[in-house]
Amino acid sequence: MLIEFFPLDITYKEVNGRPIIYLFGRTKSGEQVCIRDNNFRPYFKVVCEPEALEKIKEVETKKNNDVLKVTDIEEIQTNLIEKPTKAYKVFTNLPKAVPVLKSMIRNIPEVSGVYEYDILFVRRYLIDKEIVPYSLCAIECDQVTEKSKVPVFEVKSIKQLEELPNPKILSIDIEVYNPLGRHIDMDSYPIIMIAFYSKNYKKVLTWKRFKTDEKYVEFLQSEADMIERFKEVIEEFKPDIITGYNSDGFDLPYIKTRAKKYKLKLDLGLDFSELNVNQRGDTKSSISGIVHVDVFKFIRKILGRALDTDVFTLDAVSAELLGEKKHDVDMDALAEHWDNVSDELNTYARYNLQDARLTYMLLEKILPNLIEFIKIIGLPLFDVDRMSFSQFVEWYCIKQASLSDQIVLNKPGYYLEQQRMHDRIKGAFVYEPKPGFYDDIAVFDFRSLYPTIIASHNISSGTLNCDCCRGENEIKTERGTFWYCKKKKGFLSGIIEDLITRRARIKEILKREKADLLLKARSTALKYLANSFYGYLAFSSARWYCIECAESTTAWARQYIHKVIDAAKEKGFTVLYSDTDSVFLLLKDKSKEDALKFAEEINKELPGLMELEFENFFKTGIFVSVKHGEGGAKKRYALLDEKDQIKVTGFEAVRRNWSFIAKEIQQKILNILLREKDVEKAKTYLKEVINDLRDHKIPLGKVIIHTQLVKNIDSYESKGPHVAAAMRMKNKGLDVFPGMIIKFVVTKGEGLIRDKVKLPDELTQEDYDPEYYIKHQIIPGVERIFAVFDINIADVVSKDGEQKTLAGFG
DNA sequence: GAGCATCGGGG
DNA sequence: GTGTACGATGCTC
């Protein structure tokens, strides 16, 4: 019979000494099924003299009652580091035989190399069969009998079609009893609530009865009953995907720990296997047949880079991606309410559900990105959700290697990896700006500089220093002169070129169809992948590590940016600043059109896919020095564009341990200078705020300083102000722990600062010390901005007779 | 300042 | 499970 189904999860089992592959998923008509394949055999690759084959055939060993042996050898024509090579596929009886037998075979003298012995069996299956998870497959199969929650079919043939519409997603979140504030102890403290959320589905389970009007609250008799019910809910709902926020390391392990305590079997898997928590390395929790997606993992590792937030809490991430926050409840009081069986618990049930709801909506938002990575990389959702950028590059290369007959290179051993970690690469070129105030700035940058260099110069480990092209396509670097073949396309450079051109085509379509979310996600995925290649080449544990390739890439980048700078100078522009892939030009007597024409001329001379792009014009800009005195600052400037938007880079304005008033003053002064070019007004404003501070007209909330307590307060050698504040909190009986943000205010008085620290609720607006704030918060934030106009900040802020104590501060 | 240790998210 | 994250930050010597 023919079944069309979307494979979501893949696993394998050993039955009677043979491995069987199981694909779980949903059919087009919506039925959950399992497809079984017992015709796929584990193998790895060997490069050797033909004389070795007799010895390889006989390799055999025993391990825990299993015979591990070579079952077959097949000769293949392939490529090693892009050179034609004869190799052998060595098949074994079991997947676990591979690592054992490869070690034995590597020791045979006629064997020069063993490869592809650590590509997980199920991943090997997907690559070789060219199956893309999440996408519709047409399968010729027969139904078979096997213990399972869903029907099982035996595969005859598989063909790839389209992707799964509307997967059933169930979001979960737990609340636990936690009397000691932050401390988490799965063995001692019970789960008190479990929330579920999906489209048209809400439920909160709990096991103490409180007053509520919410129909979604379901009361159970005990924690054990609640966990049993948790299992039932999942079995009734039949989700394709279960999701949570940090559920890999918190919710699911917690549930498993509690279930174990009550000796409950959590056989959630469609094959009746138990919820699996893998504690080694980064904790992973899985259920066979149902894909567990931890939203936090993907956000932190992949999407987080593109977010403004610097913490990846559910609250911060939801606020940025969804424009919605968690409910504001006092978590420290939850344990007490639970003990007293207070009706306040209803507020916590609502809070619990909201967390599950936010997680659900976040998954809906990021799923298109995940799906695009699945399609590009070809690995299951579970794997893609937990991968890093370097793993994306690596697995994409592994898939491409299989398609273009390249042997997958081995991971470095510990020693080689340590060695590689000492390899240093000369980085980007920075043209330091002269501190100052400037008018009419044009900014240009190279579009995807490193990827386009790799593609255009054919940079790849197999094209490096070829025999045929010495003296051509050559680059001088810190570790020698390298050249790259001009006749044959490289493996890595070919992959990058393909990624760049595919993305360019998608961007063309997006110009017409702006709202296509999947296309947008695909464009993003291709961009992330291409941009990760340079880092991958220099990543010490990469299979395709190539320090010469990485070194050549930055060397060419420096060469190109120099070329642009020289050409700009020749055309009469003043180069203000340049960093890595961008140049800032002063227009002076030139027009914008002149600047655009200049870029056009540069582009005529650039090879391949490289392009210098116009970024923006800025009406005004301030470049500030980092050090005192002369010398420009790297990456510390503020610009005003033609739409009157201010772009600030590198100022500490966003630092958490600054008071609000310090940030506010810095921003306002930049505003006045850039928009009104009025230094006197900025000075007057500063004087006014300082007078307000001295008159205690600034509200207390604006002078609170936030600093993170990084360790236990007893282990601080030097007692900084925030430690002093933490000690005050502890003395008041408040919970103090490493990692928490301490809020404090510095008050008037004699002696050390730490003796003048008070907690915000201990004082009034009259108590803070204006001079402390002026000296330690206001001045450091604006001093260098005023220095650009040759203004000594001390003159502006000084009280009579105190000038000298302020001079040169910072 | 190199080298080592811890942390993140979660209640 | 054909395994053992990773990059940033802070502390110590």
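Throughout, protein chains are lettered first and strands after them, A, B, ... in sequence-line order, and every chain is numbered starting at 1. Note that the structure is a prediction, hence the values are computed from the model and not measured.
If you check B:dG11, B:dG9, C:dG3 against the side chain of A:P99, the one that comes closest is C:dG3. Of the candidate nucleotides B:dG11, B:dG9, C:dA5, B:dG11 has the atom nearest to the side chain of A:D355. Which of C:dT4, C:dA5, B:dG9 sits closest to the side chain of A:F296 comes down to B:dG9. Closest to the side chain of A:S388, out of C:dC6, B:dG11, B:dG9, is C:dC6. Checking C:dC6, B:dG9, B:dG11 against the side-chain heavy atoms of A:Y351 singles out B:dG11 as nearest. The side chain of A:S390 has C:dC6 as its nearest neighbour among C:dC6, B:dG9, B:dG11. Counting only heavy atoms from C-beta on, A:D118 has its side chain closest to C:dG3 among B:dG11, C:dG3, B:dG9.
For the pair A:R300 CZ and B:dG10 P, the computed distance is 12 Å after rounding to whole Å. Per the geometry, CG belonging to A:N352 stands 14 Å off P belonging to B:dG10, to the nearest Å. Atom CD1 of A:I172 and atom C1' of B:dG9 are 15 Å apart (whole Å). Atom C1' of nucleotide B:dG11 and atom CG of A:D185 are separated by 12 Å, given to the nearest angstrom. Going from atom CG of A:D294 over to atom C1' of B:dG9 covers 8 Å, rounded to whole Å.
For an aromatic pair to be called close, the ring centres must be under 6.0 Å apart, and A:Y450 with A:F533 fails this.
Considering OG1 of A:T11 and CZ of A:F382, their distance stands at 11.0 Å, rounded to 0.5 Å.
Taking 4.5 Å as the limit, some side-chain heavy atom of A:V47 sits within range of a side-chain heavy atom of A:I407. Residues A:P95 and A:Y12 have side chains in contact (heavy-atom distance under 4.5 Å, counting atoms from C-beta outward).
A:N278 contributes a side-chain N or O that forms a donor-acceptor pair with the base of C:dG3 under 3.5 Å.
A gap of 15 Å separates the P atoms of C:dG1 and C:dC6, to the nearest Å. Rounded to a whole angstrom, the distance from the P atom of C:dA8 to that of B:dG11 is 26 Å.
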Checklist line | Step-by-step side-chain contact (heavy atoms from CB on, under 4.5 Å) determination, A:V70 to A:I105 | finding: CA-CA 10 Å; A:V70 173; A:I105 289 169; 4.2 Å; yes
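Applying the 4.0 Å criterion to OP1 and OP2 of B:dG11, one finds that A:K326 has a side-chain N or O inside that range. Not one side-chain nitrogen or oxygen of A:K13 sits closer than 4.0 Å to the OP1 or OP2 atom of C:dG1.
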